Each structure stands twice: as C-alpha cells, then as structure tokens.
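In this chain, residues are counted from 1 in sequence order. FYI, side chains are in, hydrogens and waters are out, and symmetry mates aren't considered; it's all heavy atoms of this structure. Since the model is a prediction, treat every value here as computed from it, not as a measurement.
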Amino acid sequence: MSKSGLYAHFGSKQELQLATVEEAGRIFTDEVVRPALAAPAGLAQLEAVCEAFFEHLHRRTFPGRMFLRRGGAGDGHPSRPGQGGRR
C-alpha cells in the first residue's frame with residue numbers, strides 16, 4: 001500500500017498515529033493489565049503485573065519501540081500528536 005493510500009484510509013498522518021497508539025494500548029491492556037487484575041489484590045497482583053509486563057517485553061510485541069502515554073488530562077501536556085513543541 002502506498003503512503004497516500006494509507007493516509008486516505010485514516011484521513012491524515014495524525015489519525016494514523018492515533019490509531020497506532022490506541023491499538024498498542026489495547027494490546028498492552030489485553031496482555032498485561034487484564035491478566036494482572038485477575039490476581040488477588042495486593043502483593044499477588046503486583047507480582048502478576050510485573051510478570052505479565054516482562055513476558056510482554058520478552059515477546060517483543062513492538063520490537064524496537066515501547067508505547068507509553070505521556071501526561072494526562074489537565075497536566076499541561078498535549079494529548080494528541082502534533083500539539084505543542086518537541087520535548
């Protein structure tokens with residue numbers, strides 16, 4: 001698929017970036033967060049989230065990249081790609 005065809009599907013480069021980050025968040029939730037929440041609260045849950053996270057890294061779901069969401073609503077950081085300056 002060409003770059004213009006890809007952008008046409010998503011509408012813009014920004015929408016493609018947002019869709020990519022949203023999908024990465026869904027995968028992370030399915031692979032790390034949900035399994036950890038199934039463990040009993042407390043130390044067992046902490047151990048479960050750590051184990052699930054390291055397994056997630058070991059599988060190299062996103063080789064060479066780690067998707068992290070920086071900031072949140074009301075913290076002064078842009079919430080969408082392209083907003084604000086470089087950091």
Side-chain angles (χ1 to χ4, degrees):
M1 176 178 278
S2 69
K3 187 186 334 184
S4 61
L6 191 60
Y7 290 163
H9 178 73
F10 287 95
S12 70
K13 183 177 179 180
Q14 183 180 28
E15 291 303 317
L16 170 61
Q17 291 170 335
L18 289 170
T20 301
V21 171
E22 286 174 15
E23 180 64 8
R26 185 197 62 77
I27 291 169
F28 186 83
T29 297
D30 288 348
E31 292 185 0
V32 178
V33 177
R34 284 197 180 108
L37 290 176
L43 185 57
Q45 199 168 61
L46 177 61
E47 290 173 348
V49 77
C50 290
E51 184 63 31
F53 179 70
F54 289 124
E55 287 176 13
H56 173 78
L57 293 177
H58 182 73
R59 281 191 298 277
R60 296 184 51 85
T61 304
F62 307 109
R65 303 282 185 248
M66 179 180 235
F67 288 90
L68 299 174
R69 181 178 177 157
R70 180 178 174 160
D75 69 355
H77 294 291
S79 61
R80 295 177 64 86
Q83 292 181 338
R86 295 182 129 193
R87 292 173 227 235

Q: For Arg26, enumerate each residue passing the side chain to side chain donor-acceptor pair (under 3.5 Å) test, keeping only those at least two apart in sequence or located in another chain.
A: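 For Arg26 the side chain to side chain donor-acceptor pair (under 3.5 Å) partners, ignoring immediate neighbours, are Glu23, Asp30.
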Considering all heavy atoms of both residues, which atom of [X] and which atom of [Y] are nearest to each other, and what is their separation?
X     : Y     : result
Gln45 : Ala36 : CG-O, 3.2 Å
Ala44 : Pro40 : CB-O, 3.7 Å
Glu15 : Phe10 : CB-O, 3.1 Å

Q | Validation row: Val49, Phe53 side chains within 4.5 angstrom (heavy atoms) | A |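 Result no, sub-4.5 Å side-chain heavy-atom pair not found.
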Q | Any pair counted as salt bridge (Lys or Arg N to Asp or Glu O under 4.0 Å), so long as it reaches residues 47-58, sequence neighbours left out | A |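 Applying salt bridge (Lys or Arg N to Asp or Glu O under 4.0 Å) to every pair that reaches into residues 47-58, excluding sequence neighbours, yields nothing.
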